[in-house]
Amino acid sequence: MSSFKSISGTFDILPEGHTTGGDSIAPSRVWQYVEATIRKVMEAYGAEEIRTPILEPTELIARGIGQLTDIVSKEMFAFERGDTNYVLRPEVTAPVMRAYQQHHLDQKGGVQRLYYIGPCFRAERPQKGRYRQFHQFGLEIIGATDARADADTIACAVDVYRALGLTDFTIRLNSLGDSESRPRYKDALIAYITPFADQLSEISRNRLQTNPMRILDTKIEKERELLKNAPLLSDFIDEESRQHHEEVKGYLTSIGLKYVDDPFLVRGLDYYSRTAFEIESDSLGAQGSLAGGGRYDLLSLELGAKQVIPAVGFAAGMERLIMALDAANLADIPAPRLDAFIVALGDAALTWTFPVAQSLRAKGFKVGYDLKGRSLKAQMREASRQNSRYVIIVGDDELASGVAEVKDMDQSSQTSVPFAQLASHLTK
RNA sequence: GUGGUCGUAGCUCAGUUGGUUAGAGCGCCAGGUUGUGGCCCUGGAGGUCGGGGGUUCAAGACCCCUCGAUCACCCCA
C-alpha cells in the first residue's frame with residue numbers, strides 16, 4: 001500500500017470505478033459517455049467549447065463572484081507567487097467573461113454561445129456529492145438580452161439531463177430584478193427582518209449586514225416561518241425585468257417545460273440579475289442541486305467593460321449528475337471489448353505476436369495479448385476477462401504451418417485460419 | 001468551519017464481557033486438464049486491524065490525539 005493518498009476531497013477516476021469509502025466514483029468510460037452527451041447537446045444549441053485556465057487572478061474571481069460571497073470569503077484555494085495572486089478557479093462564468101472581453105469576442109458581431117467542461121476547486125468540507133476538486137459543465141450565451149436566450153439556457157440544461165435519461169428533477173425559477181430594484185427590495189427586506197433580528201441564527205444575522213437576500217435561502221424552519229410575510233422580490237422588480245420574466249416563463253411554457261416560480265430563490269453569486277434558476281434532483285438529498293444559473297448582465301461592468309455585455313448561463317455539477325444517473329441505474333456503460341486477444345506459446349510465438357498485433361491494430365482492430373509469459377490457461381482467462389471476441393492461438397506448430405487456431409469466444413467454436421487471412425476472419 | 005457516525009485483506013464485511021499463530025465471501029495466483037476462458041473442486045499469496053500515544057500481565061476491541069471517509073449543518077454545482 002502506498003503511503004501517499006489523494007488529497008482530501010479529491011478522487012481518482014479509474015477504468016473500473018471504485019468507492020471512496022462510501023461514495024462511488026464511476027468508471028472513466030461513464031465520465032466519457034456523459035461528456036460526449038453534453039458536447040452533443042451543446043452542439044445542438046450552436047455552442048462551441050471554450051477552455052480557460054485553471055489558474056486565474058484572484059481579483060477576477062473576487063470581483064466577479066463578489067467579495068462577500070462564501071465562495072470568495074472562505075472557500076478559495078488561493079496563493080501568492082511573486083507579486084501575483086492566483087486562485088484555482090471556483091467556477092467558470094467569470095473566467096469565460098474575462099476571456100470574452102480579453103479577446104474582444106463582441107467584435108465578431110452576433111451572439112457567442114460558449115460551453116465548457118472542466119475541474120473547479122472550492123475548499124469546502126467534503127461530503128457526498130461535494131468535493132474540493134469537482135467538475136462543472138455549463139453554457140454561457142453572451143451578447144443577448146432576448147428572453148429566448150434565458151429560456152434557451154434553461155432548455156439546454158434540461159436537454160442534457162433528458163439526453164442521459166434523467167427526468168427526476170424540478171426547475172425553480174425567479175427574477176432578481178435589475179440593479180435598481182434590488183437595492184430597493186434589499187432595504188424593504190432589512191426593514192422587515194430587523195425587528196426579528198434577535199430571533200435569527202448568527203449566520204442570518206451576519207447576512208442582514210452583508211447580504212440580506214441570502215437570508216431568503218435559509219433552511220431553518222423557524223426562520224422560514226418568520227419570512228412567511230416578508231416582502232416579495234416580485235413586488236419590487238422594475239417593469240422591464242418583470243416583463244422579461246414573463247417572457248421567459250412564456251417561452252418555457254411554449255415548449256411544455258414545467259417550472260416552479262420561487263420568489264425566495266436567490267443565488268449565492270453576486271453577479272446575477274433578472275433571471276435566476278436552479279435545477280434540483282428530486283431524489284439526491286442534501287447535495288441535490290444539479291445545476292444553477294441565470295442572467296448576469298452586470299458582470300461585464302464588474303470586470304471593467306465600458307458598457308453592459310448582456311449574458312445568461314448555467315453551470316452544472318458532473319459529480320451530482322453522475323450520482324443521479326447512478327441512482328436511476330442509467331450509468332451502466334459496458335466496457336469496450338477487444339476484437340482479438342493473441343495467445344502465444346513458446347518464445348518464437350511470443351516474438352511473432354508483436355508485429356502481428358501491430359498490423360491488426362493498424363487495420364482498426366482492438367488487439368491485446370499477454371505480457372507476463374503465462375500459461376495457455378492463464379492467457380485464455382485473461383482473454384475472457386478482457387471480453388475478447390476472438391482468441392488467436394499460436395504455438396510452434398502454427399508457426400511452422402502458417403495457420404493459426406482462432407477461437408470464437410462467444411460461440412466457443414474454433415477454426416484454423418492462415419496468417420494472411422486473420423484480418424478478414426476478424427471482420428466476420 | 002461546526003456536530004454525529006464509521007475506519008479489520010484488492011472489494012464487501014464478521015471478529016462474543018480485552019485472552020494464544022486475526023477470519024469469511026468475492027477477486028487474484030496456481031493445480032486438477034502434457035496446448036484452450038466461463039462452471040466445479042483443491043491449494044496458495046495477500047493484513048504494520050487508518051496512523052501515533054496511553055491503560056493493562058495481555059488491545060483489532062478501552063482512553064486520548066491525529067488523519068481519512070461518511071451523514072447533517074453550512075455552502076453550492
_For A:Val111 against A:Gly143, the heavy-atom pair lying closest together_ = CG2-O, 3.8 Å

*Report which part of the nucleic acid A:Gly346 touches: base, sugar-phosphate, or nothing (heavy-atom distance under 4.0 Å, all strands).*
nothing

*With sequence neighbours excluded, tell me which residues meet side chain to side chain contact (heavy atoms under 4.5 Å, CB included) with A:Leu350.*
A:Ala344, A:Asp347

_Nearest-nucleotide pick for A:Ala291, side chain only, options being B:G1, B:G37, B:A77_ = B:A77

_Which residues share a side-chain hydrogen bond (donor to acceptor under 3.5 Å, both in side chains) with A:Arg63, sequence neighbours left out_ = none

Distances under 3.5 Å between protein N/O atoms and the N/O atoms of nucleotides 38-40 of chain B, please, pair by pair.
unit_1 : atom_1 : unit_2   : atom_2 : d
B:G38  : O6     : A:Ser412 : OG     : 2.7

*Under 4.0 Å: is that the gap between some side-chain N or O of A:Thr19 and OP1 or OP2 of B:U12?*
yes

*Would you indicate what A:Glu75 reaches in the nucleic acid, counting non-hydrogen atoms under 4.0 angstrom: base, sugar-phosphate, or nothing?*
sugar-phosphate

*Which residues satisfy the side chain to side chain contact (heavy atoms under 4.5 Å, CB included) test with A:Glu319, sequence neighbours excluded?*
A:Phe11, A:Trp31, A:Tyr131, A:Phe134, A:His135

_Students often get this wrong, so: under 4.0 angstrom with heavy atoms, is A:Gly129 touching a base, only sugar-phosphate, or nothing?_
base

Indicate every side-chain donor-acceptor pair of residues 64-80 of chain A with a distance under 3.5 Å to a residue at least two apart or in another chain.
unit_1  : atom_1 : unit_2  : atom_2 : d
A:Thr69 : OG1    : A:Gly66 : O      : 2.8
A:Thr69 : OG1    : A:Val72 : N      : 3.4
A:Ser73 : OG     : A:Thr69 : O      : 2.9

_What I want to check is whether an N or O donor and acceptor connect the side chain of A:Arg374 with the base of B:C29 at under 3.5 Å._
no

*asked:* In this structure, is the centre-to-centre distance between the rings of A:Trp352 and A:Phe419 below 6.0 Å?
replied: yes

*From A:Thr275 atom OG1 to A:His244 atom NE2, the distance as rounded to the nearest 0.5 Å*: 4.0 Å

*What pairs with A:Ser416 under side chain to side chain contact (heavy atoms under 4.5 Å, CB included), at least two apart in sequence or on another chain?*
A:Val403, A:Glu405

Give me, pair by pair, the N or O atoms of the protein and of nucleotides 5-7 of chain B that are less than 3.5 Å apart, along with how far apart they are.
none

*Counting just side-chain N and O atoms, does A:Lys128 come under 4.0 Å of either OP1 or OP2 of B:C71?*
yes

_Under the side chain to side chain contact (heavy atoms under 4.5 Å, CB included) test, residues paired with A:Arg182 that sit two or more places apart_ = A:Leu176, A:Met213, A:Ser273

*For the base of B:A77, is there a side-chain donor-acceptor partner from A:Glu124 under 3.5 Å away?*
yes

_Position toward the 5' end of RNA chain B (nearest nucleotide), A:Ala378 or A:Asp408_ = A:Ala378

*Tell me which of A:Ile7 and A:Gln136 sits closer to the 5' end of RNA chain B, going by the nucleotide each one is nearest to.*
A:Ile7

*Considering only side-chain heavy atoms of A:Ser375, which listed nucleotide, B:A72, B:G31, B:G37, is closest?*
B:G31

*Of all the nucleotides listed (B:G37, B:C71, B:C29), which has the minimum atom distance to the side chain of A:Gln127?*
B:C71

_Mind checking if A:Arg385 touches a base, just sugar-phosphate, or nothing, with heavy atoms under 4.0 Å?_
sugar-phosphate

*Donor/acceptor link under 3.5 angstrom from A:Glu405 side chain onto base of B:U36*: no

_What does the 5'-to-3' dot-bracket notation of RNA chain B look like when only Watson-Crick and G-U wobble pairs under 3.5 Å count, and pairs to other strands show as |?_
(((((((..((((.....[...)))).(((((.......))))).....(((((..]....))))))))))))....

List the atom pairs, donor and acceptor, that lie under 3.5 Å between side-chain atoms in residues 35-43 of chain A and the rest of the protein, sequence neighbours left out.
unit_1  : atom_1 : unit_2   : atom_2 : d
A:Thr37 : OG1    : A:Tyr33  : O      : 2.8
A:Arg39 : NH1    : A:Glu49  : OE1    : 3.0
A:Arg39 : NH1    : A:Tyr115 : OH     : 3.2

*Could you tell me whether A:Ala315 contacts a base, only the sugar-phosphate backbone, or nothing, with contacts defined as non-hydrogen atoms closer than 4.0 Å?*
sugar-phosphate

*How far does the C1' atom of B:C6 sit from the matching atom of B:G51, given to the nearest Å?*
16 Å

Pair up each side-chain donor or acceptor in residues 162-171 of chain A with any protein partner under 3.5 Å, not counting sequence neighbours, and list the distances.
unit_1   : atom_1 : unit_2   : atom_2 : d
A:Asp168 : OD2    : A:Ser283 : OG     : 3.0
A:Thr170 : OG1    : A:Asp282 : OD1    : 2.8

*Mind checking A:Glu398 for me? I need base, sugar-phosphate or nothing, with any heavy atom below 4.0 Å counting as a touch.*
base

*With sequence neighbours left out, what residues match A:Phe236 under ring pair (Phe, Tyr, Trp, His ring centres under 6.0 Å)?*
A:Tyr185

*For A:Leu376, report the nucleic acid contact type (base, sugar-phosphate, nothing); a contact means any heavy atom under 4.0 Å.*
base

